[in-house]
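Protein chains get the first letters and strands the later ones, always in sequence-line order, with residue 1 at the start of each. Because the structure is predicted, anything quoted here is derived from the model rather than measured.
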Amino acid sequence: MMAQLVFYIFTAVLLFSAVMVITARNPVHSVLFLILAFFNASGLFLVAGAEFLAMLLVIVYVGAVAVLFLFVVMMLDVDFGQLREGFQKYAPLGGCVGGVLFAELVLAFSHWEMAPGRAAPLAAPGLTNTAALGGLIYTHYVLLFQACGLVLLVAMIGAITLTLREKTTGRRQNITRQHARTRADTLEMLDLELGESVADRGGFLRPKASYNEIAVPGSYGLVPENPQDDAASNREKGA
Amino acid sequence: MAQFFYHTLVGQICLMLLETLAVLVPLLIGVAYLTLMERKVMAAMQRRRGPNVNGPFGLLQAFADAIKMIVKETVIPAGANRGLFLFAPFLTFSLAMVAWAVIPTGNGLAVANINVGILYLLAISSLGVYGILIAGWASNSKYAFLGGLRSAAQMVSYEVSIGLVIVSVLLAVGSLNLNDIVLAQRHVWFCVPMFPMFIVFFISALAETNRAPFDLPEGESELVAGFFVEYSSLAFGLFFLGEYANMILMSSMVSILFLGGWLPPLGIAPLTWIPGPLWLIFKILFCLFVFIWVRATFPRYRYDQLMRLGWKVFLPFSLLWMIGTAGFLMATGLLPHSGGVN
């Protein structure tokens, strides 16, 4: 009775938020409804007694994947009007993809069957579903599991390769170089007369020459055309 | 009486409500006095007196602050997304409260002693980022937005190392139940054999709760106050309560995972007379003291240093430690079995 009530509440909210994901005008609202849908799906897992999957769904999808979705959608500068213009054009295509996916799901579920010989040990009393899942994945299906891991690894390397740029910009921080800086490179104590400015002594109008050697080229916004000359002239001024 | 509480539906609901109150009321009082403790401890470290006007030793200061906050005017900025703007503090606050359902204060003494307790805590703490992200976005202010984005990136990054540290602990326990995790430390607390992981977890907990030296989401010197610039009155108060409740929660996680939860340091006579919940409270207070000590001692990290520490130092190190733990347990045959399928 209680479990049924909870099931219907979760299902109703899940369906409502799933519909809102594709009908909400604001993309950020869409993503928030998607998160609500994930959350309710994990509630359904809980009702079904799969507490491990429920927690994993929240940790992985809600806690990590959807945060990045939200992150990207919030930062995108989307013109909502323009977004809705293409709706008519893409509706048939989207409908087709949705229809194919739905048909596949129906086919898959109508022939759903537990692998023979696997169901009996899973029903053992006192076995938590974390242990049951772990036993299956890490002993019987370990190759498939490793293959999934490899696919994810390839995807990760692909994403890093796409975004990694070798360009050394001014914003790039090189920790080794920063650690290599000494006090003599950056700090000079001057004993100034009253009314005399640092600039009169040829002071720090530009970074010291030694700084150019350890800094990333291009940082500070000025690149001396000939670092050697510059270093020499800077040293003269200082002296 | 027992008949009513355990065998009727109304009684069970009443019991549940009473249990919830028994956890939440001490927690909220604890949060109130944590703010006072923070000010007093930091004052002592900086050779000041701290709050000492309201009540003896300033003990009523927390309540004075609360009343001040409540009677302030609620301001909702123009152009803010009203619904989400008000939803964000409620989310932060309620998440900080619901996580307490699984914290065991004694052997089997938790509101919900569930099999996947540690995963529940991880799930709730990973949801915490939404309150901040939504607040930052709904305020329609660039400072709040930048604070929200920073915080999201920071919390997601440090959750990864927290997860790996927890996996190392779980390898030694063989169960996801918080009660079992504490009981597994009967002979030696995990902070002894896993000392480096204890430090990594504590520092990640600082980053996860947005505390100094990782309080960049607030970053008052560049972002005014980060994601809650636009909040005032009760909405601000809820954020405040949520953050401090999260600090206590993280401290209790450190105590349960590494400092033996409710267990006394040694199982000998005078120490075992002190009841378990008191031991847990001592340990939580110790962790909170270190939280405050760190805040009074260290300057704020630069953002790229924060990310570097999370991804390039803690992640590889905790991964290596996890593999090392698994290898060691496997080689010595100490790996606990919880009866998997074969």
Does the side chain of B:N246 reach to within under 4.5 Å of the side chain of B:E208, using non-hydrogen atoms?
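No. Closest side-chain heavy atoms not under 4.5 Å.
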Heavy-atom side-chain proximity of A:M55 to B:L122 below 4.5 angstrom:
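Result no, sub-4.5 Å side-chain heavy-atom pair not found.
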If I take atom [atom1] from residue [X] and atom [atom2] from residue [Y], how far apart are they, to the nearest 0.5 angstrom?
X      : Y      : atom1 : atom2 : value
B:L164 : B:L320 : CG    : CG    : 11.0 Å
B:M307 : B:R150 : CE    : CZ    : 10.0 Å
B:L171 : B:M330 : CG    : CE    : 11.0 Å

Heavy-atom cut-off 4.5 Å, strictly under: side chain, backbone, both or neither for B:L127 against chain A?
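Looking at B:L127, just its side chain touches chain A.
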Need one label for B:L176: side chain, backbone, both or neither, based on atoms under 4.5 Å from any heavy atom in chain A.
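Answer is side chain: those atoms of B:L176 sit under 4.5 Å from chain A.
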Could you report the tightest heavy-atom contact between B:W311 and B:P316, atom names first, then the distance?
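Scanning both residues, the minimum pair turns out to be O-CD, 3.3 Å.
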B:S175 versus B:D180, closest heavy-atom pair with distance:
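In this case the closest contact between B:S175 and B:D180 is OG-OD2, 2.9 Å.
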Distance-only donor-acceptor hits, side chain of residues 77-91 of chain B, under 3.5 Å, sequence neighbours excluded:
from  : atom 1 : to    : atom 2 : distance (Å)
B:N81 : ND2    : A:H29 : NE2    : 3.0

Measure [X] against the heavy atoms of chain B and call it side chain, backbone, both or neither at under 4.5 Å.
X      : value
A:L32  : side chain
A:A54  : neither
A:Y138 : neither

Contact winner vs chain A - B:L149, B:V129, B:I124, heavy-atom pairs under 4.5 Å
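Ranked by heavy-atom pairs under 4.5 Å with chain A, first place is B:L149.
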Donor-acceptor pair, B:Y231 side chain versus B:F239 backbone, under 3.5 Å?
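No, because the side chain of B:Y231 does not come within donor-acceptor range (under 3.5 Å) of the backbone of B:F239.
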Contact listing (chain A partner; residues 151-162 of chain B; heavy atom under 4.5 Å)
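Within residues 151-162 of chain B, the residues under 4.5 Å from chain A are B:A152, B:A153, B:V156, B:E159.
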